[in-house]
Amino acid sequence: MSPYLISLGFGLAVGIAYGCFGVRSPAPPMIALLGLLGMLAGEAAVSWAKGHPDVWASLWHSKSFAISKNDTPRSDDDPT
């Protein structure tokens, strides 16, 4: 987290310097930065979802066909 804060601090300082000199910064416009933020958020969401397959199952309401040990098939000879 510290490198992110340092980067933000330096970026803020450089932005203040550009503002004091009245020069436009070479940074991309705000809409491009928001697009990049969206790309990072989407990438993080997919990597998080790949680590949690049950999220996809509940998201798509798909049924799990996994058989647990308690779900043994009953034979016709069982009295119950």
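Under the side-chain contact (heavy atoms from CB on, under 4.5 Å) criterion, I16 pairs with L12, C20, sequence neighbours left out. With sequence neighbours left out, the side-chain contact (heavy atoms from CB on, under 4.5 Å) criterion links A32 to P28, P29.
Counting side-chain heavy-atom gaps under 4.5 Å among Ile, Leu, Val, Met, Phe, Trp and Tyr, the cluster of F10 also holds I6.
Around the CG atom of L40, the shell of radius 6.0 Å holds more than 12 heavy atoms that belong to other residues, nucleotides or ligands.
When hydrophobic clusters are built by joining Ile, Leu, Val, Met, Phe, Trp and Tyr residues whose side-chain heavy atoms come closer than 4.5 Å, directly or via intermediates, M39 is grouped together with L33.
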